[in-house]
Amino acid sequence: MISAPFDYVRANTLDEALNLLAQNEDAKILAGGHSLIPAMKLRLTQPPLLVDIARIKDLSYIREADGQIRIGAMTTHYQIESSELLRKICPLLPECAGHIGDMQVRNKGTIGGSLAHSDPAGDWPAAILALSAELVAVSKNGERTIKADDFFVDLLTTALEPGEILREIRINKSNGRTGQAYVKMPHPASGFAVVGVAANLSFNGGSECKSASIGITGVSSKAYRATAVEGGLSGANLDEAKIANAASHATDGVDVNGDVFASDEYRRHLAQVYARRAIAAARDRA
Ligand SMILES: Cc1cc2nc3c(=O)[nH]c(=O)nc-3n(C[C@H](O)[C@H](O)[C@H](O)COP(=O)(O)OP(=O)(O)OC[C@H]3O[C@@H](n4cnc5c(N)ncnc54)[C@H](O)[C@@H]3O)c2cc1C
C-alpha cells in the first residue's frame with residue numbers, strides 16, 4: 001500500500017526538531033523508519049509531517065559517564081550488537097540487539113525508535129525493563145527522566161508527551177557478580193517475539209541470588225516486569241527446582257494475548273519455559 005501524502009523536513013539539530021514538533025502538533029519523528037513507514041503504508045497512522053532526526057549527530061553514541069552506560073536514542077541495533085564496550089559491561093544489550101529482525105533492520109532501526117514505538121512484540125522493552133533503565137525525554141519545556149517501569153503504558157503507547165523526543169537511555173553499571181541473558185521465541189514469519197525474556201541477576205559470593213530483574217515481551221499488550229518471578233528468585237539458591245518454580249509465575253496478573261499463531265494458553269506456557277531458560281542462562285554466566 002501507499003501512505004497518505006505527508007511533508008518531510010530533515011532536522012539538523014535537536015533544537016530544530018523540537019521547534020518543528022512544537023509548531024506541528026500531529027508531526028511525527030522519523031528515526032530508522034522501520035516501524036513508522038510500514039505503519040504509514042498500512043495507513044494505521046497518517047502524520048501530515050515527518051521530522052527526520054537521523055542526521056542529528058549527537059543522538060548516536062554509546063558511552064560511560066558517572067557510573068552509568070549512556071546510549072543515544074539514534075544508536076542503531078547494529079551499533080549496540082557490535083559494541084565491544086557493551087559486551088564487557090552489559091552483555092544483555094548486544095545479545096538482545098542480535099535477536100532483532102535481520103541485518104537490514106539492525107542497520108537502520110534504532111533503540112530509541114523501538115522504545116518509543118512500544119511494539120508489544122518488540123525486543124528492546126524486555127531488556128530495558130530488566131536493566132531498570134532510565135529514559136531521558138526532552139521537549140521545548142526542558143528535560144525529564146522516566147523510569148523504564150513507567151515508560152511502557154500500553155499497546156504502542158508510552159509515557160512520552162506530545163512534543164517530546166526520547167534523547168538518551170541510561171543504565172546503571174552493575175557491581176559484583178552478575179549474569180544476564182535474553183532468550184526469545186521468534187515468530188517464524190515476522191521474527192518479532194512471540195515470547196522474549198530478559199534476565200538480569202546479581203549474586204552474593206555463592207549461588208545465592210541477591211537481586212533479580214526479569215522483563216518479558218510478546219505476551220501482553222505491553223512488555224512488563226515479572227515481579228512474581230523476581231520475588232521467587234531473590235535470596236534463593238538458584239537450583240533447577242527454584243528456577244522452575246519462580247518461572248511458573250511468569251504471567252501472574254497479566255492479561256495474556258492470544259492470536260492465530262499462539263493461543264493465550266500456549267503463550268502462557270512459552271513464557272514460563274523461556275523465563276526458566278533465561279534465568280538458568282543468566283545464572284550460568286554469572
Ligand atoms: C522486517 C522487519 C523485522 C523486524 N523485526 C523486529 C524484531 O524481531 N524485533 C524488534 O524488536 N523489532 C523488529 N522490527 C522493528 C525494528 O526494530 C524497528 O527499527 C524499531 O521498532 C523502530 O525503530 P526505528 O528507528 O525504525 O523507528 P521509526 O520507525 O522511525 O519510529 C517508530 C516510532 O517511534 C517514534 N520515534 C522514533 N524515534 C523517536 C525518538 N527518539 N523520540 C520520540 N519518538 C521517536 C516515531 O515517531 C514512530 O512513531 C522489525 C522491523 C522490520 C521492518
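Not measured: the values here are computed from a predicted model. Both counts, for ligands and for their atoms, begin at 1 and track the order of listing.
The hydrophobic cluster containing M185 also contains I216, counting ILVMFWY residues as joined when their side-chain heavy atoms lie under 4.5 angstrom apart, directly or transitively.
In terms of N/O distances under 3.5 Å, ligand 1 is not approached by K108. Close N/O approach between L36 and ligand 1 is found [any backbone or side-chain N/O within under 3.5 Å]. By the 3.5 Å distance cut-off applied to N or O atoms, L166 is counted among the residues near ligand 1.
By the neighbour-count criterion of 12 heavy atoms within 6.0 Å, atom OH of Y224 is densely surrounded, having more than that number from other residues, nucleotides or ligands. The number of heavy atoms from other shown groups lying within 6.0 Å of CG (L42) is above 12.
Looking from atom 9 (N) of ligand 1 to the surrounding protein, the closest heavy atom is D123 OD2, 2.7 Å. Atom 14 (N) of ligand 1 has as its closest protein heavy atom F192 CZ, 3.1 Å. Nearest non-hydrogen protein atom to atom 27 (O) of ligand 1 is G113 CA, 3.5 Å. The protein heavy-atom contact nearest to atom 17 (O) of ligand 1 is H77 NE2, 3.0 Å. Protein heavy atom in closest approach to atom 45 (C) of ligand 1: A116 CB, 3.4 Å. For atom 7 (C) of ligand 1, the closest non-hydrogen atom on the protein side is G101 N, 3.4 Å. Summary of contacts: the protein heavy atom closest to atom 39 (C) of ligand 1 is I29 CG2, 3.7 Å. Closest protein heavy atom to atom 26 (O) of ligand 1: H34 N, 2.8 Å.
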Exercise for review: List the steps, then state whether side-chain hydrogen bond (donor to acceptor under 3.5 Å, both in side chains) holds for E208 with N237.
Suggested key: CA-CA 4 Å; E208 187 185 309; N237 278 311; 5.5 Å; no

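Residue G33 approaches ligand 1 through these ligand atoms, each under 4.0 Å from one of its heavy atoms: 24 (P), 26 (O), 27 (O), 28 (P), 29 (O), 30 (O). For ligand 1, the atoms sitting less than 4.0 Å from at least one non-hydrogen atom of G191 are 8 (O), numbered in the order shown with element in parentheses. The contact set between ligand 1 and A31, taken as ligand atoms under 4.0 Å from a residue heavy atom, comprises 25 (O), 27 (O), 30 (O), 37 (C), 38 (N). Listed by number with element, the atoms of ligand 1 under 4.0 Å from a non-hydrogen atom of K184 are 8 (O).
Counting heavy atoms from C-beta outward, K222 and P120 have side chains that stay 4.5 Å or more apart.
Here atom 24 (P) of ligand 1 lies nearest to G32 when heavy atoms of G32, A193, S190 are compared. Between atom 20 (C) of ligand 1 and the options A27, S35, G109, the minimum heavy-atom separation is to S35.
A salt bridge does not link K140 to D15: none of the charged nitrogens lies less than 4.0 Å from a carboxylate oxygen. Contact check on E168 versus R170 returns a salt bridge, with a Lys/Arg side-chain nitrogen under 4.0 Å from an Asp/Glu carboxylate oxygen. Using a 4.0 Å cut-off between a side-chain N of Lys or Arg and a carboxylate O of Asp or Glu, R87 and E95 do not qualify as a salt bridge. Contact check on K173 versus E64 returns a salt bridge, with a Lys/Arg side-chain nitrogen under 4.0 Å from an Asp/Glu carboxylate oxygen.
Not a single heavy atom of R106 sits closer than 4.0 Å to an atom of ligand 1. Within the 4.0 Å heavy-atom cutoff, D119 does not count among the residues contacting ligand 1.
Residue-level proximity to ligand 1 for V105 is carried by the side chain, the only part with a heavy atom below 4.0 angstrom.
Of all the heavy atoms in V51 and A11, the pair that sits closest is CG1-CB, 4.1 Å.
For the 3.5 Å distance criterion, the side chains of S220 and D255 fail to qualify, holding no donor opposite an acceptor.
No donor-acceptor pair closer than 3.5 Å links the side chain of Q272 to the backbone N or O of H269.
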